[in-house]
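Below is one structure, written out as structure tokens; comments come after it.
The model shown is predicted, which means the values in this text are computed figures rather than measured ones.
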Amino acid sequence: MPDSTQPSAQHDPTYDSVWETVAGLCAWLDSHNRRTGDETLLLRVLKLSEEVGEVAEAVIGAMGQNPRKGESHSWQDVESELCDVVVTALIALRTLTPNAPEVLAAHLRRVAERSLTPRSSG
């Protein structure tokens with residue numbers, strides 16, 4: 001019998017199922033968590049800094065800018081690390097609010113309106 005606290009490794013998330021997957025990952029993390037709600041949120045937000053640092057490390061490695069390590073990473077590694085940042089941010093947002101899909105959609109709409117709407121030049 002499969003462990004219901006473990007996210008399915010065979011799940012192939014599509015755009016429509018991203019939030020279902022995020023909810024499953026949150027439930028899995030919560031099942032292994034011994035922290036209070038506030039501590040959990042804080043740690044999940046701080047986890048973003050760790051993941052962003054891994055993106056920086058991968059970019060430096062892909063560009064061969066560390067003399068000790070040379071070209072230690074590929075651009076595919078950078079892609080993977082950026083995806084980790086996105087997933088970690090979605091989990092942190094979902095931890096902050098159960099309305100995370102709506103919050104993100106509304107925010108993305110505001111950013112698009114602000115950035116993609118032509119402005120009059122007068």
Side-chain angles (χ1 to χ4, degrees):
M1 180 171 189
D3 179 358
S4 63
T5 64
Q6 186 79 358
S8 170
Q10 297 175 339
H11 184 73
D12 184 20
T14 62
Y15 182 79
D16 293 335
S17 67
V18 166
W19 287 107
E20 180 181 318
T21 303
V22 167
L25 289 168
C26 282
W28 174 69
L29 288 167
D30 289 346
S31 73
H32 299 293
N33 185 21
R34 295 184 308 266
R35 302 286 178 185
T36 67
D38 287 345
E39 289 174 325
T40 296
L41 176 59
L42 175 62
L43 290 169
R44 289 182 184 171
V45 170
L46 289 175
K47 180 74 173 163
L48 278 166
S49 294
E50 177 188 346
E51 296 298 340
V52 169
E54 291 176 12
V55 172
E57 179 182 9
V59 169
I60 290 167
M63 296 183 75
Q65 290 302 299
N66 183 331
R68 281 187 308 107
K69 296 180 181 179
E71 290 186 15
S72 58
H73 291 75
S74 68
W75 288 106
Q76 289 75 29
D77 293 327
V78 175
E79 290 173 2
S80 178
E81 296 299 344
L82 284 169
C83 288
D84 285 347
V85 169
V86 171
V87 170
T88 302
L90 294 177
I91 288 170
L93 183 60
R94 176 60 180 79
T95 301
L96 179 62
T97 176
N99 300 321
E102 295 82 8
V103 169
L104 179 62
H107 186 79
L108 187 57
R109 254 189 317 278
R110 287 190 304 274
V111 170
E113 288 170 4
R114 180 178 67 229
S115 303
L116 302 176
T117 303
R119 297 180 188 259
S120 61
S121 58

**Request:** Answer whether the closest heavy-atom distance between the side chains of V78 and E81 falls below 4.5 Å.
**Result:** no
**Message:** Quick test of your reading of the model: are R110 and E113 salt-bridged, counting only N-O distances below 4.0 Å?
**Reply:** no
Quiz: residues 54-71 side-chain donor-acceptor pairs under 3.5 angstrom, not counting sequence neighbours:
{"unit_1": "Q65", "atom_1": "NE2", "unit_2": "M63", "atom_2": "O", "d": "3.3"}
{"unit_1": "N66", "atom_1": "OD1", "unit_2": "R68", "atom_2": "N", "d": "2.9"}

**Item:** salt bridge (charged side-chain N to carboxylate O under 4.0 Å, His left out) contacts in which one or both residues fall within residues 25-43, not counting sequence neighbours
**Value:** D30-R44
**Request:** Look up atom CD in E20 and atom CG in L25, then write down how far apart they are to the nearest 0.5 Å.
**Result:** 11.0 Å
**Prompt:** In this structure, which one of T95, V87, L93, I91 forms a side chain to side chain contact (heavy atoms under 4.5 Å, CB included) with V22?
**Reply:** I91
**Prompt:** If you measure from CG on L43 to CD on E50, what distance do you get to the nearest 0.5 Å?
**Reply:** 11.0 Å
**Asked** Could you give the distance from CD (E51) to CG (D84), rounded to the nearest 0.5 Å?
**Response** 5.0 Å
**Fill in**
So CG of L41 and CG of L46: to nearest 0.5 Å the spacing works out to 9.5 Å
**Request:** Would you check if L90 and L104 make a side-chain contact, meaning some heavy-atom pair closer than 4.5 Å?
**Result:** yes
**Asked** Is there a path of hydrophobic side-chain contacts, each under 4.5 Å between heavy atoms of I, L, V, M, F, W or Y residues, that connects V52 with L96?
**Response** no
**Message:** If hydrophobic clusters are built from ILVMFWY residues whose side chains come within less than 4.5 Å, do L29 and V18 share one?
**Reply:** yes
